[in-house]
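Read the structure below first, then the notes.
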Amino acid sequence: MTVVTRFAPSPTGYLHIGGARTALFCWLYARAKGGKFLLRIEDTDKERSTQAAIDAILDGLNWLGLGGDEPPVLQSTRAARHAEVAHELVKRGAAYHCPVTAEELQARRDEAEALQKKKAAEGSLSASDQSRMEDLLKPFRSPWRDLSKPLPPGAPTVVRLRMPDVGDLVVSDHVQGTVSRAYADLDELVLLRSDGSPTYMLAVVVDDHDMGVTHVVRGDDHFLNTFRQLPIYHGMGWPAPEYAHVPLIHGPDGKKLSKRHGATAVDEYRDALGYLPEAMRNYLLRLGWSHGDDEIISDSQAIEWFDLDALNKAPARLDFAKLDSVNKHYIALADDDRLFALWSARPEARKLSDMERGRIRTAVPALKSRSANLVQFSERARFLTDLRPIQLEGKSAALLTDEARSRLSALLEALAGVNDWAESAIKVALTQYCDQNGISMGKIGPVLRAVLTGGAPAPDIALVLALLGRNEAFARMGDYARTGG
RNA sequence: GGUCCCUUCGUCUAUCGGUUAGGACAUCUGGUUUUCAACCAGGAAAGAGGGGUUCGACUCCCCUAGGGACUGCCA
């Protein structure tokens, strides 16, 4: 049997980082088993679904390299099929027409809640109220479920799933393990609304079945839904898929990840934070999954090693420091041209002139091993684009004594003799100067660095001179050298 | 309220009854040094609490505490 997994977001917003991880697991499992990874947009809620959200989600998935193997299925286009199945379920006796309205059900819940509040306020309830409340709190069973009662003529009805009263439903989940629940604890849910439209519970099952999904990998907020959906498979005589409910991602404080934690949408990880997709995959993979002591895991290793059963049950917290360190590894590994292209697309890069960008392009090999993300890359590149005269702050300013200014003049002369303006030749010239004057690099390094970079982070001083170019380097030194010396 | 799930260093995790409880990130100390970083050496750091089962529990069972999910004609 070919493994088929699917990622099925509802297009009501952006692609959440937790969803991205779920998608990664689906994708990896399909790849690991030589199966297919499919996408389905659950847009049955017309009020909340937008094309912009669909685009954003697909864009996020593509950035992460998690595109589907087939074009995405739009759930909204399949309503007729969903209804067909609902009616088949009625025919087979697994569901029934029910005239109970949403308002009546809501009234039931309201009454139960009111009694609960009363109990909380007064400490206890009268015997009749207590039993009334317990009754109301029980899973809903419609009076029309056994078909003995005639339907009121002309009243709108929904198609409702018939839930068994006795027995347990057992689910063997790849992540959650074997969990059982009594049928008696399950509501009889609506399958087809009174307007004939399908509900989520029905639609997922029908679509998963029709798409040939063999493994449902989803957030564990859906775990209990499995018990509601399985009876639909049973009712239709369909084989149920295998399940893996993966825990949600939490914020650094251990609470469910929300906007106040900062980045929740994957495009923020790309745009605002400057992470690489391969680093995201590696980091997300390690959040809740492990393979011994391995930390840096390539895509091919991940595909070879990944297994649903090795996923942890407990939710993991996001740790940006760790993400940074993983990302740093992949930045150092990245191809120079690609890295430069990624960086060039950033707003801070677009503001620069061609000449400045050119300087940075040359510096990519030196810069990339020093940056945890593209934001930091920009920061590390700043010394190449700061405008003259370089602002000396704090310690840098204190270094600029009269003696230092004379040194700069002398160095200017010494470096003037360097014909081939490259790191190695510059290094030789600097060393020679130190030798001839009987001083160590410690005498000139800090001063040079100060006037060249203003104290901004920068690589080796000879490399800095080289990257700046002869003219810019001399100009920056000249700004602070003793005049007339 | 009910049902279900979770709990090892600050964080991600290893351990699948017998280990000095290991690794990574972060952190601290020292070294190197022309800044930052990198690098090298070293350190501190964990089984939520309480009961069992067992010759022996992080590991199995129960209880408590804390956290979470579900309880819609939303998905």
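Below, chain A is the first sequence line, B the second, and so on; all start at residue 1. Hydrogens, waters and symmetry mates are skipped; everything else that's a heavy atom, side chains included, is used.
The residue among A:Ala316 and A:Ala8 whose nearest nucleotide of RNA chain B lies closer to the 5′ end is A:Ala316.
For A:Arg380 and B:rC36, a side-chain-to-base donor-acceptor distance below 3.5 Å is absent, hydrogens and geometry of angles not being considered. At a cut-off of 3.5 angstrom, the base of B:rC73 holds at least one donor-acceptor pair with the side chain of A:Ser194. Remark: the A:Glu295 side chain and the B:rG23 base include a donor-acceptor N/O pair separated by less than 3.5 Å. Residue side chain A:Asp460 reaches the base of B:rU34 through a donor-acceptor N/O pair under 3.5 Å, judged by distance alone. Between the base of B:rG22 and the side chain of A:Asp293 there is a donor-acceptor pair shorter than 3.5 Å. At a cut-off of 3.5 angstrom, the base of B:rC36 holds at least one donor-acceptor pair with the side chain of A:Arg370.
Protein atom CG of A:Leu189 is 20 Å distant from nucleotide atom P of B:rU3, rounded to whole Å. Taking atom CZ on A:Phe7 and atom P on B:rA75, their separation rounds to 17 Å, with Å as the unit. Following rounding to the nearest Å, A:Leu137 (CG) and B:rC70 (P) show an atom-to-atom distance of 17 Å. Between A:Gln116 atom CD and B:rG2 atom P there is a gap of 9 Å when expressed in whole angstrom units. The nearest whole Å value for the distance from the CG atom in A:Leu161 to the P atom in B:rC73 is 13 Å. Protein atom CG of A:Leu392 is 20 Å distant from nucleotide atom P of B:rU34, rounded to whole Å. Here B:rU33 presents its C1' atom at 10 Å from CZ of A:Arg449, a figure rounded to the nearest Å. Rounded to an integer number of Å, the gap from A:Arg108 CZ to B:rG72 P is 9 Å.
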Determine all donor-acceptor pairs shorter than 3.5 Å in which one atom belongs to a side chain in residues 110-118 of chain A; sequence neighbours excluded.
| from | atom 1 | to | atom 2 | distance (Å) |
| --- | --- | --- | --- | --- |
| A:Asp110 | OD1 | A:Gln106 | NE2 | 2.9 |
| A:Glu111 | OE1 | A:Arg132 | NH2 | 2.9 |
| A:Glu111 | OE2 | A:Arg132 | NE | 2.8 |
| A:Glu111 | OE2 | A:Arg132 | NH2 | 3.2 |
| A:Lys118 | NZ | A:Asp129 | OD2 | 3.0 |

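Nearest to the side-chain atoms of A:Ser325 among the listed nucleotides B:rU13, B:rA75, B:rC25 stands B:rC25. Residue A:Asn312 places its side chain closer to B:rA14 than to any other of B:rA14, B:rA75, B:rU34. For A:Asp187, whose side chain is taken as the heavy atoms from C-beta onward, the closest listed nucleotide among B:rU3, B:rC73, B:rG72 is B:rG72. Closest approach to the A:Ile461 side chain among B:rU3, B:rU34, B:rC12 is made by B:rU34 (side chain taken as heavy atoms from C-beta onward). Nearest to the side-chain atoms of A:Pro457 among the listed nucleotides B:rC36, B:rU11, B:rC70 stands B:rC36. The side chain of A:Leu224 approaches B:rA69 more closely than any other nucleotide in the set B:rA69, B:rC73, B:rC12. The nucleotide whose nearest atom lies closest to any side-chain atom of A:Phe223 is, among B:rG23, B:rA75, B:rC4, B:rC4. You'll find that the side chain of A:Leu105 is closest to B:rC73, out of B:rA75, B:rU35, B:rC73. The side chain of A:Glu42 lies closest to B:rA75 when the candidates are B:rC73, B:rC70, B:rA75. Comparing atom distances between the A:Arg109 side chain and each of B:rG72, B:rC70, B:rA24 picks out B:rG72 as nearest.
Side chain of A:Gln229 to backbone of A:Thr226: no donor-acceptor contact under 3.5 angstrom is found. For A:Arg380 (side chain) and A:Arg370 (main-chain N/O), a donor-acceptor pair under 3.5 Å exists by modelled atom type.
If you check every strand for non-hydrogen atoms under 4.0 Å, A:Arg228 touches sugar and phosphate atoms only. In this structure, A:Pro459 reaches the bases: a heavy-atom distance under 4.0 Å links it to at least one base atom across the strands shown. Within 4.0 Å of A:Leu287, counting heavy atoms only, lie sugar-phosphate atoms of the nucleic acid but no base atom. At a threshold of 4.0 angstrom between heavy atoms, the contacts of A:Val100 include nucleobase atoms, whether or not backbone atoms are also involved. Among the protein residues, A:Thr101 comes within range of the nucleic acid bases, having at least one heavy atom under 4.0 Å from a base atom. Within 4.0 Å (heavy atoms only), A:Met201 reaches at least one base atom of the nucleic acid. Across all strands, A:Gly219 comes closer than 4.0 Å to no nucleic acid atom at all (heavy-atom distances). Residue A:His222 is in base contact, counting any heavy-atom pair closer than 4.0 Å across all strands shown.
The same atom, P, is picked in B:rU59 and in B:rG52; the two are 14 Å apart, to the nearest Å. Comparing B:rC39 with B:rA46, their P atoms are spaced 26 Å from each other, to the whole Å. Distance check on atom C1': B:rG51 versus B:rC70 gives 31 Å, rounded to whole Å. Going from the C1' atom of B:rC63 to that of B:rA24 covers 36 Å, rounded to whole Å.
Between A:Glu84 and A:Arg81 there is a salt bridge, since a side-chain N of the basic residue sits under 4.0 Å from a carboxylate O of the acidic one. Salt bridge annotation for A:Arg382-A:Asp386: present, with a cationic side-chain nitrogen under 4.0 angstrom from a carboxylate oxygen. Checked for salt-bridge contact, A:Glu472 and A:Arg359 meet the test: a charged N lies under 4.0 Å from a carboxylate O. A salt bridge does not link A:Asp294 to A:Arg286: none of the charged side-chain nitrogens sits closer than 4.0 Å to a carboxylate oxygen.
Using a 3.5 Å distance cut-off with no hydrogens or angles, the side chains of A:Tyr275 and A:Asp324 do pair a donor with an acceptor.
Base-pair partner of B:rC70: B:rG2 (Watson-Crick or G-U wobble, both distances under 3.5 Å). As the counterpart of B:rA41, B:rU29 is assigned, both hydrogen-bonding distances of the Watson-Crick or G-U wobble pattern falling under 3.5 Å. Shown here, B:rA65 forms a base pair with B:rU7; the pair counts as Watson-Crick or G-U wobble because both key distances fall under 3.5 Å.
A sub-4.0 Å separation between OP1 or OP2 of B:rU35 and a side-chain N or O of A:Thr453 is absent. Residue A:Thr199 has no polar side-chain atom (N or O) positioned under 4.0 Å from OP1 or OP2 of B:rC73.
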Derivation of the ring pair (Phe, Tyr, Trp, His ring centres under 6.0 Å) call for A:Tyr96 and A:Trp144: CA-CA 8 Å; A:Tyr96 58 94; A:Trp144 279 270; 9.1 Å; no
